[in-house]
Amino acid sequence: MTRYVLRRLVQIVITFFLFQTLTFFLLYAQPGDIANQYLLNPNLPPDAAERLRQELGLDKPPHLQYIQYMKNFLTGNLGVSFTNYPRPVIDIIKERLPRTLVLFFTATIISFYVGFALGKVLAWRRGGLFEYGVTVVGVTLYTVFTPWFALMMIWLFAYKLNLFPTGKFVTPTLWQNAPVDANTVFGRMIYTGILGSVVAFVVYLLVRRLPPPTRNMSGILAVLAGLLGMVIPWVQSPLARYAVDILWHMVLPILTLTLISFAGTMLLTRNSLLETMREDFILAARAKGLPEKVVRDKHAARTALLPVVTSLVFSLAFAIDGGVITETMFSWPGMGLTLLNAVVQEDIPLAMGAFSFTGILALLAHLAADLLYAYLDPRIRYS
Amino acid sequence: MREPVLSVEHLTMHYSTRKGDVHAVDDVSFELHPGEVLGVVGESGSGKSSVAFTLMRLLPENAHIKGGHVWMNGVDLLTLPEDEMRRYRWKRIAMIFQAAMNTLNPVYKVGDQIIEAMETHGVAYGEAARKRVAELFEMVGLDPALMDRYPHEYSGGMRQRAIIAMALSCDPDVLIADEPTTALDVIVQHRILKNLLQLQKRLDMAMIYITHDIAVVAEVSTRIAVMYAGRLVEIGSTEDIFLRPKHRYTEALLQAFPSIHGEKKTLLTIPGELPNLLNPPRGCRFHPRCAFATEICKEREPEYRTFNPGHLAACWHPVGEENA
Amino acid sequence: MSFQPLVKVEGLKKYFPVSKGLFRKTHDYIHAVDDVSFSIQPRESLGLVGESGCGKTTTGKLLVRLLTPTAGRIFFRMEEEEAREEGVRLEDGYVDVATLKGRALKNFRRHVQMIFQDPYESMNPRLTIYDIVAEPMAVQGIGSVMEREQRVAEMLQHVGLTPPESFMFRYPHELSGGQRQRVAIARALIINPTFVIADEPTSMLDVSVRTGVMQLMQDLADRFGISYLYITHDLAVARYMCDKIAVMYLGKIVEMAETEELLHHPLHPYTKALLSAVPIPDPTYKREVIEIRGSVSTPINPPSYCRFYNRCPVAKEGLCNVQEHPPLEDKGGGHYVACHLV
Amino acid sequence: MSDASSVTVIHRPLWRVRLELFWKSVRTNWALFIENPIGVIGLAIILFFALMAVLHPILMKTVWDPTVYDPITGYDFEILRHPAPPSARHLLGTDPLGRDVLSQLMYSTQTEFILGVVAALITVTIGTLIGALSAYYGGVIDTLFMRLADLVIMLPFISILIVLSALFKLNMLKLALVIGILSGFGGVTVIIKSQALSIKVKPYIEAARVAGGGDWHIIVVHFIPNLLPLSFLYMMFTVTSAIFSEAVLSFFGLINIRMSWGIMIHTTQTAGYLLNVGQYWWLVIPAGLAITLLCSAFYLVGRALDEVVNPRLRRR
């Protein structure tokens, strides 16, 4: 297993290197002179332009520029944003990356659970009106024109029903007199989120060791413990209302993302389960006299999970990528919105930085999914 | 003779398919007595496995039991509610499947899969269950340490042993073995058969041994049922079937089967192909391939006739009655 | 019997590398076929018998050059004239199959064909029976389309699929297992080969159909003068199909003799064990069973002493595990055995 | 055994036999396909849009006055305020620039079909060829293409399209090319290759080789026909992703196209009517719905085909 992980890591580093190289050459393959693109940008003061020319070696031959580019990237020097001059690109990314991550991580997990649960039902109730109905609705949501759908969600929930804000990260009026800035509160929210997850995991492992009747509740108990772990640290905190404000802004984007992406997991789970159901070990599990629910949840679903997890790769990578659309529609200041704005305003350093990190995220998502797969499949775990 | 542990009466089961109904099992009756091994022989599509799955009520959605009874302790398994039937499975009737490779779930440890069966039926829990798995493993000739391994770490022969251990874990009254050694090499097959028969005798189980291999059935069974195209054509003691076969199909099968023992006989070919069960032949289902078929064979289904106590065959022109 | 064998195999070896790790060099080899020699006379059929993993199928694939041997030579007898036509070099009337390449290899395949085990997987499901049977003619460029159609029809008739036109344009999945295996035979024989390798052609067929296919293969062999290398795990089938039987164990031939001789007077302890484990369709027969330990392993870098030593019930320590693997020697009357103790 | 020399073959031309067999297989597969209502729904939607695409030029030639109804240059002077709500004159109203929305909608359908089909054809051609070749030859070719596929799969698809369209000012055909190539070298190749690998180990490949068949024969006669159903299936999914990507790029105004569904919403947005869905629904709903419906229609057809192609998913 260690060897497997190492091999995947090496592969990912190589892939990322290729990705960076590709990015660089994309930049240079565009029509027009790259140096002028940099130097004539209206957002950039003239003296800064001259300094940039030196730093990037824009007057040197391309291969030296390439080496310079890679060197800069590896040392974390992504240059200075034109539109946010003189803020360094890496700073902007540090601020916005967590926002994207939290949004999509949450949405992915929820849609994964919803999709997996629904997929199981579809496989079990094959061929009914219920299946066709859910499939058509699911596919429509899955292939829906995302910007349009987001718009409809905003229109319905924010304008008509006035339940949620129309977008953005925080409510400005509330934060005018706030003791700390939004990033600090958000940081703490992330920490408590991690804490909650760890608590949930530990509880799950502990309950699993207990005798049968309690053991069967390990899932529910773990979720409850996790929620407590997330909420308790905030109960006494004066910052709680600010945290709630951020959460309130997150609901609609997460809801939208979940609706869009759950069907992917659902449809795949259904197919995977239908294939697993034909396996002899399912027949054997039935022959053993196991209740139908155990056959379905323990034997069929557990094995059918494997390909579904692989596709989690795609959905995670897709989620981050789809962030461009969702974040733009909800004015959620994450990586996607940053990328699009930078591209539209020809802020090359920021665009390239944001693009690189979108790539890194996709790669890490792949790695995480691979590890999860290896954990779930003993055939990989022990070889 | 003791009371039968299982008695099957007029069992009929069809699969509905796109092209029509497949007459997989048609009016099959037999009894299974404690401590005996009933060999069920037949070629593919003869319905031998379908009988087994009907007994366990483990049929796919498109299978329909059209009639018959399966009595066990005065209870008709076919009318039992699903939830009660579930309690009969493995506890009373256990099964060894043909594809040992795929009978074990690849993502769980082998030992845990056996413990699961025992816990479900309240045979043993926790540590006690683990101890019992260790005993079972020793019984079937596996190292008990293997119980904490995953199926992919087992060889084919080891898996089949583990499945035998699993089948025995709840002390069933009846064990159905569906071609348990077909995928194995002769030497391994021989060893596993020997082991299985020893255990069957020791535990005084009744066993149904399903196979297409006449040679194997000659070695393991005390009685034999011969199936052809969904029907049971002949049943009798092993000696009756091999030395005094009555049905023309049984006779043809024995003459077509090669052996390494004794004189090299000329093998006789059975002409034609196995019938299509979507539309089985009228009358005796073997008549299109039978050298002795006459008009009556095409028209009317033969009735069972008793030739010896317990030796029945359904043939209009049984062996030894050439002029009848 | 002719003294000029049709096929002579000398010291045939096939090692498969075992790859470990990403960058590591391979030092481990599976000795799938390890120094195998035999010969087959014209119109003779040799049975290659053994348990799964003994190298019998690999040997078969080497002979048709689906695999390239690691070492050894495979001689196939050919007429001078044919050889010249096909651009093949002869050595005392034999061509060395192991060295053939490109055009010459393709031409060689007009003489040697193979029948596969699985009647369901050995035919492309998207081709019609006509396409399947005509494939060898088509790729070899033999005959016009009309001639091929005629020839396919004849061949289907030969293998008992009558009337041919009702089978020609059907798909494999519309045929039963026995019928498919007849199609496979028709495909193998359509370009008149003199040597056919049959890899368990009847092992997946039902008993009542199997005998028919076995009979057919023998009839056609007599009629067209074909030699078989008949690969099987079933000694009872081999008894009916083969003139001679060679028993393989872990890549080596351990015993080879005329069929009845081998069945009734086995000499090698492995052959004895194998024979004693074969079930007999006769409830009155009580046989004497020779137990052997363990099970077949994979021959990865096997020791140089006798391959069967670890499982042998009669092995002598200090002899069998010291000396090299015993050579296959004639113990009289063409009964070859590879054992120190015989 | 009967004597073979007596055989007479009734000579029917081979091509006719093959045509009959082809039709037979089409009929069987069609029967399997229409059993699943999901595929039928998808196909019905696709046919509806195809009809729209075909009708547009006819309407322009016959009923609609080009100066008023042209999807790009038309303007209706008889209406004072644009955008105007639906009326008998303009069934779906006019856009902020005074153009007929229905005409735009129908006109764009053609473009979407062409884009989708071109992209899908490119994808499937690349995917099938590369998949078959890397499965067949293995070794360096395989490693090379599979690593490339890994890379392409991991590329953030929409982001890269955004960057590309910003850098290169793509038009419709170039976009189809980019989408086709990107998805062709990515996931589709991997899936088709794994299918090809399962074909490679089939005994009929060995049989073909023993018959003397060369690499080309095996790839053309045995690999490709067995891969085509799967390729066809993935064509459907590629069409979905191509139409979707175009709409997104158009919506963000990143692409050099005169009219498409995405552009229609983009126009609405730049004119500031976007969040007034309740009042100006005809500016947003028809175009958005059209994109969604056509995308899901192809996806649904793909799903239904999956059940035809993949026997493990069949019910009986």
Side-chain angles (χ1 to χ4, degrees), chain B residues 41-46 155-158 181 183-191 193-194 211-222 224 228 237-243 249 252-274 276 286 289, chain C residues 49-54 160 175-179 202 204-216 218 233-241 245 259-260 262-264 266 270 273-287 289-298 311:
Chain B
V41 218
E43 300 177 86
S44 59
S46 64
S155 73
M158 282 156 74
T181 59
L184 303 174
D185 278 315
V186 272
I187 294 179
V188 184
Q189 160 176 296
H190 177 73
R191 266 194 239 148
L193 280 182
K194 218 172 83 180
T211 180
H212 67 278
D213 192 333
I214 296 170
V216 169
V217 101
E219 303 215 331
V220 298
S221 42
T222 44
I224 292 173
Y228 183 77
S237 72
T238 304
E239 280 74 24
D240 277 340
I241 297 291
F242 275 93
L243 307 178
Y249 172 66
L253 204 57
L254 292 173
Q255 287 172 342
F257 207 87
S259 167
I260 59 165
H261 166 64
E263 283 291 295
K264 184 173 166 180
K265 299 172 296 189
T266 313
L267 297 182
L268 295 182
T269 303
I270 307 177
E273 297 281 326
L274 291 161
N276 182 356
F286 186 58
R289 304 175 70 188
Chain C
V49 176
E51 294 178 279
S52 49
C54 71
L175 268 55
S176 73
Q179 290 172 333
T202 60
M204 294 180 76
L205 300 181
D206 278 307
V207 188
S208 70
V209 181
R210 187 171 71 186
T211 330
V213 172
M214 285 161 64
Q215 210 98 62
L216 174 71
Q218 275 173 334
H233 68 276
D234 190 335
L235 278 154
V237 168
R239 182 185 192 186
Y240 281 87
M241 292 303 295
I245 291 179
T259 302
E260 294 299 314
L262 186 110
L263 293 180
H264 297 298
Y270 174 69
L274 195 64
L275 283 171
S276 83
V278 175
I280 308 293
D282 179 357
T284 55
Y285 176 74
K286 293 287 168 261
R287 61 188 159 174
V289 172
I290 300 157
E291 290 282 352
I292 55 171
R293 297 177 298 252
S295 57
V296 181
S297 54
T298 315
R311 301 178 67 197

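Naming convention: chains lettered A, B, ... in sequence-line order (proteins, then strands); numbering from 1 in each chain.
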Heavy-atom pairs under 4.5 Å with chain B - which of C:Ser276, C:Ser208, C:Gly177, C:Pro283 has more of them than the others? C:Ser208

Counting only heavy atoms not in B:Lys264 (residues, nucleotides, ligands), do more than 12 fall under 6.0 Å from its NZ? yes

Exercise: identify the closest heavy-atom pair between C:Arg311 and B:Ile187: NH2-CG2, 4.2 Å

Looking only at heavy atoms, what is the nearest atom pair of C:Arg210 and B:Pro258, with distance? NH2-CD, 3.3 Å

Compare every heavy atom of B:Ser259 with every heavy atom of C:Arg239, then report the nearest pair and how far apart it is. NH1-O, 2.6 Å

Given C:Val237, C:Ile292, C:Leu275, the one with more heavy-atom pairs under 4.5 angstrom with chain B than any other is C:Ile292

Side chain, backbone, both or neither: which part of C:Gln179 has a non-hydrogen atom closer than 4.5 Å to chain B? both

For chain B, the option from C:Ser52, C:Ala238, C:Ala273, C:Gly53 that forms the most heavy-atom pairs under 4.5 Å: C:Ser52

Return the option, out of C:Gly50, C:Ser176, C:Gly178, C:Ala277, with the maximum number of heavy-atom pairs under 4.5 Å with chain B. C:Ala277

Here the pair of heavy atoms bringing C:Ile280 nearest to B:Ala218 is O-CB, 3.7 Å

Tell me, for C:Val213 versus chain B, whether the close heavy atoms (under 4.5 Å) come from the side chain, the backbone, both or neither. neither

When every non-hydrogen atom of C:Glu51 is compared with those of B:Asp185, the smallest separation belongs to OE2-CB, 3.3 Å

With rounding to the nearest 0.5 Å, note down the distance linking CG in B:Leu268 to OG1 in C:Thr211. 8.5 Å

Please look at C:Leu274 and chain B and tell me whether the side chain, the backbone, both or neither of the residue comes under 4.5 angstrom of a heavy atom of that chain. both

Chain C contact via B:Leu193 - side chain, backbone, both or neither, heavy atoms under 4.5 Å: neither

Taking every non-hydrogen atom, the tightest pair across B:Gly262 and C:His264: O-CE1, 4.0 Å

Proximal component of B:Gln255, with respect to chain C [non-hydrogen, under 4.5 Å]: neither

Report the distance from atom CG of C:Asp234 to atom CG of B:Asp213, rounding to the nearest 0.5 Å. 8.0 Å

Between B:Ala252 and chain C, which part of the residue has a heavy atom less than 4.5 Å away: side chain, backbone, both or neither? neither

Check each of C:Leu205, C:Val209, C:Asp206 against B:Ser44 using the side-chain contact (heavy atoms from CB on, under 4.5 Å) test, and report the only one that passes. C:Asp206

For the side chain of C:Tyr240 and the backbone of B:Thr266, is there at least one donor-acceptor N/O pair under 3.5 Å apart? no

Nearest 0.5 Å, please: how far is CD in B:Glu219 from NZ in C:Lys286? 7.5 Å

Roughly how far, to the nearest 0.5 Å, is the CG atom of C:Asp282 from the CG atom of B:Leu254? 10.0 Å

Cut-off 4.5 Å, heavy atoms of chain B, and the answer for C:Thr284 is side chain

Looking only at B:His212, B:His190, B:Glu43, the option with the highest number of non-hydrogen pairs under 4.5 Å against chain C is B:Glu43

